[in-house]
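None of these values were measured; they are calculated from a predicted model. The chains referred to below are lettered A, B, ... by the order of the sequence lines, with proteins before strands, and numbering in each begins at 1.
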2 protein chains.
Amino acid sequence: MNECSFTYRKEKTMTMPDKRNDIIQGALELITEKGFHGATMAMIAEKSDVAVGTIYRYFENKDVLINALYHELEEKILGALRKEYSAEKPFRERFLLIGTTLLHYFISFPVHFRYMEQYHNSPYGISLRRDQLLNKADDVDITRQLFTEGIIQQVLKDFPLAVLFDLAFGPLVALARDHILGFIVLDDTLITRTVEACWDGVKR
Amino acid sequence: MNECSFTYRKEKTMTMPDKRNDIIQGALELITEKGFHGATMAMIAEKSDVAVGTIYRYFENKDVLINALYHELEEKILGALRKEYSAEKPFRERFLLIGTTLLHYFISFPVHFRYMEQYHNSPYGISLRRDQLLNKADDVDITRQLFTEGIIQQVLKDFPLAVLFDLAFGPLVALARDHILGFIVLDDTLITRTVEACWDGVKR
DNA sequence: CGCTTCAGAATGAACTTTCATTCAGGAGAA
DNA sequence: TTCTCCTGAATGAAAGTTCATTCTGAAGCG
């Protein structure tokens with residue numbers, strides 16, 4: 001019973017991330033579609049073209065997989081924001097840029113968006129946030145800097161940082177969801193106009 | 001805002017007592033804390049001071065329970081909005097009233113809020129929305145009327161209805177979440193000011 | 001060059017636990 | 001008695017996890 005498959009030899013010296021990626025990709029799609037408990041390890045394995053046991057070589061258990069998935073996506077999104085950002089431009093323009101970039105990202109990767117949403121609103125996400133509450137210092141991200149600057153220079157309304165975040169990103173997240181679920185169809189001008197409306201909400 | 005009890009009718013016979021209420025209350029708290037699959041029927045039964053089997057006298061199965069729970073809450077929230085609403089007042093005032101009422105409700109019943117959030121972002125909620133997309137006519141709710149009026153009278157920005165919803169309620173939902181998770185502490189003036197900021201976002 | 005050895009990657013059937021659901025029986029009212 | 005409601009141990013299916021085994025390919029050896 002030996003099948004010698006004339007191999008697709010990926011001819012790469014580093015085989016490591018290959019399987020891991022397959023698993024992450026498969027898990028991402030399945031969980032997005034079926035939810036955390038609707039997607040069983042067996043299904044994830046099948047979708048990833050991998051044996052069930054293999055998943056456990058890369059992830060200690062299902063919870064670890066779920067959390068790893070989240071952090072992977074978070075990193076991608078922050079990366080996308082950083083890439084577009086330019087500290088030189090005037091404040092308003094930087095704000096609009098972040099908003100539109102975020103929306104474009106969500107629309108380009110709806111699966112990422114849906115996963116993040118699901119995660120945030122599950123016990124996983126809640127406990128993560130609780131942790132972040134404790135060591136709040138580490139967060140050196142672009143948006144925080146931008147908003148802090150805006151408060152100091154009095155271009156933004158005088159609100160706690162969190163409230164400004166909510167005013168700015170709350171609508172964008174809701175908008176992305178509506179688009180992805182098919183309630184509305186976003187195009188570039190609608191995106192721009194909406195982000196400008198958010199600006200109206202936060203500007204002083 | 002007063003107590004939160006699900007319709008009880010004492011005058012009726014002792015049959016169909018508030019066992020159903022107990023179950024709904026217990027399920028609500030447990031699911032909010034542990035998630036849909038983290039809360040087992042056994043746990044729900046214990047928390048509700050009821051035997052497991054009893055749950056099945058009132059709800060055909062777990063899914064039915066979960067969906068029933070959602071619709072109870074939805075009804076309560078819409079009721080709270082209707083109660084405060086007054087068609088006489090000027091437009092802006094009505095908008096602010098709806099916003100603040102909503103926030104107050106969320107803050108008074110954080111468990112309701114968390115449940116709704118979790119539901120919306122799970123496969124349950126998604127399929128519900130898909131259904132609502134098809135028969136969109138039935139929705140005769142206050143907010144929809146208000147926003148439609150606002151568009152016609154040109155007090156609101158010229159956006160699709162859904163976008164206006166997102167601009168108005170997106171921040172409020174995010175705000176409620178932040179408050180409930182302990183990131184910020186909302187008081188009446190902060191609530192008012194935030195809803196006013198939302199107004200800035202949607203007004204023409 | 002073959003041949004052997006070997007590390008560790010991958011597999012998937014078997015195992016264990018968990019959990020929604022059922023149902024035989026008990027308690028109490030009419 | 002009979003009927004309804006309630007109970008919670010029992011059930012069986014489903015899902016996460018394990019692990020003995022197989023497979024793969026690189027390194028060592030003659």
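- Remark: P of dC6(D) and CD1 of Ile55(B) are 12 Å apart, rounded to the nearest angstrom.
- Rounded to an integer number of Å, the gap from Arg20(A) CZ to dG8(C) P is 20 Å.
- Protein atom CD of Glu46(A) is 13 Å distant from nucleotide atom P of dT11(C), rounded to whole Å.
- Rounding to the nearest 0.5 Å places CG of Leu146(B) at 5.0 Å from CD1 of Ile98(B).
- Residues in residues 30-48 of chain A take part in no side-chain hydrogen bond (donor to acceptor under 3.5 Å, both in side chains) pair, two or more places apart or across chains.
- Salt-bridge check for Glu149(A) with Arg94(A): passed, with a basic side-chain N closer than 4.0 Å to an acidic carboxylate O.
- Salt bridge Glu196(B)/Lys203(B): absent, no basic N to carboxylate O contact under 4.0 Å.
- If you measure from atom CD1 of Ile23(A) to atom C1' of dA9(C), you get 12 Å, rounded to the nearest angstrom.
- Contact annotation: Tyr58(A) does not reach the phosphate of dA9(C) (side-chain N/O to OP1 or OP2, under 4.0 Å).
- Between Phe113(A) and Tyr105(A), the ring center distance fails the sub-6.0 Å criterion.
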Seminar exercise, completed: The contact string for nucleotides 12-30 of chain C, one letter per nucleotide 5' to 3', using protein heavy atoms under 4.0 Å with B, S and - for base, sugar-phosphate only and none, comes out as B------SSBB--------
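- In summary, Asp200(B) and Lys157(A) engage in a salt bridge, as defined by a charged side-chain N under 4.0 Å from a carboxylate O.
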